[in-house]
Every structure is written in C-alpha cells, then in structure tokens.
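Structure first, then comments.
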Amino acid sequence: MGMMERIQEIRERMIRQLDSAENRQALEDIRVSLLGKKGDLTALLRSMGQLSPEERPAAGQLINEAREHMTELLEKRAAEIRAVEMAVALKRERLDVTEPAPLPRVGSEHPIHLVMNDLVECFTGMGFEVLEGPEVELDHYNFELMNIPKNHPARDAQDTFYVDDNIVLRTHTSPMQARAMLTRRPPIRVICPGRVYRADEVDATHSPVFHQMEGLVIDRDVNMADLRGTLNAFARKIYGEGIETRFRPSFFPFTEPSTEVDLTCAACHGSGCRICKNTGWIEVLGAGMVNPRVLEMCGIDSSVYSGFAFGIGMERIAMLRYGISDMRLLYEGDARFLGQFR
Ligand code: DAH
C-alpha cells in the first residue's frame, strides 16, 4: 500500500470513530490512538526513514496536511459534543423563578396562649406586673398561707396531686398571692398566669392540667368598687363593649367577702341561649377582698392596707371566645384543630 492509501485509511478510520464518539473521553482516546506519540499517523511519520530521500518531502507534507485536517475534524466533533452537553445541562438545571415555592409549614399559637396574651396585655395596660412562679409548690403557699387549714375539703387527696407531705402540684395560682406579698411592698399590682393541677378525670369540661390567671392588688383604701371597675375593664377588653359583670356572693377561704363573677353571655348578649343555659350570664371567675388573715400571714398590716384578688379560668375564657365545646380539643394537639387559630 502506498503512503497516500495508508494516510487515507487512517483518516477514514478517524471519521468512522468520530461518528460514534459521544463524549470527550472518547475523543481523547481517538486522538491518542491516531495522533498521539504512539498513534498510527505518528508511526507513519516515523516510517518515512524507509523512503528514498527524493520521496520524503512530499510524503512529509502529505502527513502534515493529514494531521492538520484530522485535528480540525477532532475539534469540530468536540464542539458538537460540547453543544449537546450544554443543552442537556441547561435542560437539567432549568429553574423557573416564577413557579410558586412550596410554603414552609408554619405553626399557630394555641388558643390558651392567645387568650393568655390578651389578658396579659389588658392587665399590664392597667399597670399590673406579670409574676410567674412554681408549678411544684409548697403546701405552705398553696394552702396554709391561703387560709386553707388542714382538714379543709379543698385539700382532699382526690383533688390534689401530692409530691410528698409538704409539696403539691399547685391546685390554683392563688399561692402566687403569698409569693407576691412576701417579696414586695405595697402598692402591689400583679397578675400571675400559669398551669395548675387537679386530680380530675378528663371529660368535656375537666382536665387534670389547666390554666388560671391570678390577680392581686394591695394598697391603701382598695375596695370592692376598685375590683368591679378592674373586672369591667377586663370584660370589655376581652369580649367587647356592652359586656356587664354580675357579682354573686360566694365563699373562698382567702377572700372576705368573696364573690363569683359572671359576664354577660357574649354569644347572645344577655338574651339567653344554649351556651348560657338561657340565663344570659356566664360564670368566669372567682374574686373578693383579700382576707385580712391572709394579709397578716404574708406580713402586710391589715389595719393600713387592703386588697382584692381574682382568679380567672383560662380554658373557660378560650372555650367561650372561640365556641369550643369540648375541653379535650385544647390538649390533644390535633393540627387540624390548632391550625384554625392561625
Ligand atoms: N383559687 C380559686 C380557684 O382555684 C379561684 C379564686 C377565687 C382566686 C377567688 C382568687 C379569688 O384570687 O379571690 O378556684
């Protein structure tokens, strides 16, 4: 075979191989096998020593032209492969900036906390300080200082979770009254929101854990009218204008006199409905003038100072406000229920 034919054969081989090469590595393999140091065309160049001196220049020129042409073919194919690769990458990495992003799942505030925050805002607006205290409480604060002596029915083991003889899970937020009086000088204005515990069976209106907010005001000349004005302001802030309070005589060991306080039913505005059992009123809290015995036990001179206290049941406020008929919904953590308060 003459030089011309051998060059032609190598060139045609390259063209066939380039046709089926799909990536850069394949191109590189072709280049090495034909144009590389040990490649076929290079071998041909080396074999020129066998030619006669007259033949060499023409053969050399042919081989060099072939080399240039083949290098061009390689580059052309490389450009085609790059274009394909680019097209694939563009398609794969395409980003539609107008596509709506999936929203992160956001939580919602619990209805108890919504109510609690509203009450805190309402009372801090009237000059009250927020005071929080322990849920695991000494019997001394929970009962003794609240004038609930040994043998009082409220101490009955079926109501109270005892940790030991002297320690209980607080059954109300009232012990915070004692904690406030023992750490502050009058005038005192505090609210104390928090969890309380009672050994109750779970049903639509009872839970062993629930929430209260205690209020306490101690100063000179504090009287029942101050209590009434404060609770009226609270009622209207939470439920709106036109809501009245009604005081009914009651008994609590830590207040004297004591009262249970009803609000105009916010559902029917007092005309009577299922929620208020046709009375037009809803009972929401207990209150009264702080018993002088409690003042004295907590180091406050009852001949100089007087005060009022109240305890609000948070669940009741939340259930009335949001029309929740079963208290268990507040504790089961069902996201479909809780998500409605977003
Ligand atoms: N501690 C009472 C309870 O848990 C509620 C209460 C009634 C609190 C009258 C008060 C009050 O401060 O004056 O049932």
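All values below come from the heavy atoms of this structure, side chains included, with hydrogens, waters and symmetry mates left out. Counting convention: from 1, in listed order, for ligands and their atoms alike.
For residues 111-121, every residue pair satisfying the side chain to side chain donor-acceptor pair (under 3.5 Å) rule, not counting sequence neighbours, is listed here: Glu109-Asn117, Asp118-Arg321. Residue pairs that meet the ring pair (Phe, Tyr, Trp, His ring centres under 6.0 Å) test with at least one member in residues 206-250, sequence neighbours left out, are Phe123-Phe234. For the ring pair (Phe, Tyr, Trp, His ring centres under 6.0 Å) condition, the pairs that include at least one residue of residues 319-342, sequence neighbours left out, are Tyr322-Phe341, Phe337-Phe341.
For the pair Glu260 and Phe252, the tightest heavy-atom approach, listed with the atom from each and the gap, is CG-CZ, 4.4 Å.
Listed by chain and number, His172, Ser174, Gln177, Arg198, Gln212, Glu214, Phe252, Phe254, Thr255, Gly286, Ala287, Gly288, Ala309, Phe310, Gly311 each place a non-hydrogen atom less than 4.0 angstrom from ligand 1.
Formation of a donor-acceptor pair under 3.5 Å by the Arg170 side chain with backbone atoms of Glu137 is not found in this model.
Each of Glu85, Glu80, Glu75 was compared with Arg24 under the salt bridge (Lys or Arg N to Asp or Glu O under 4.0 Å) criterion, and only Glu85 meets it.
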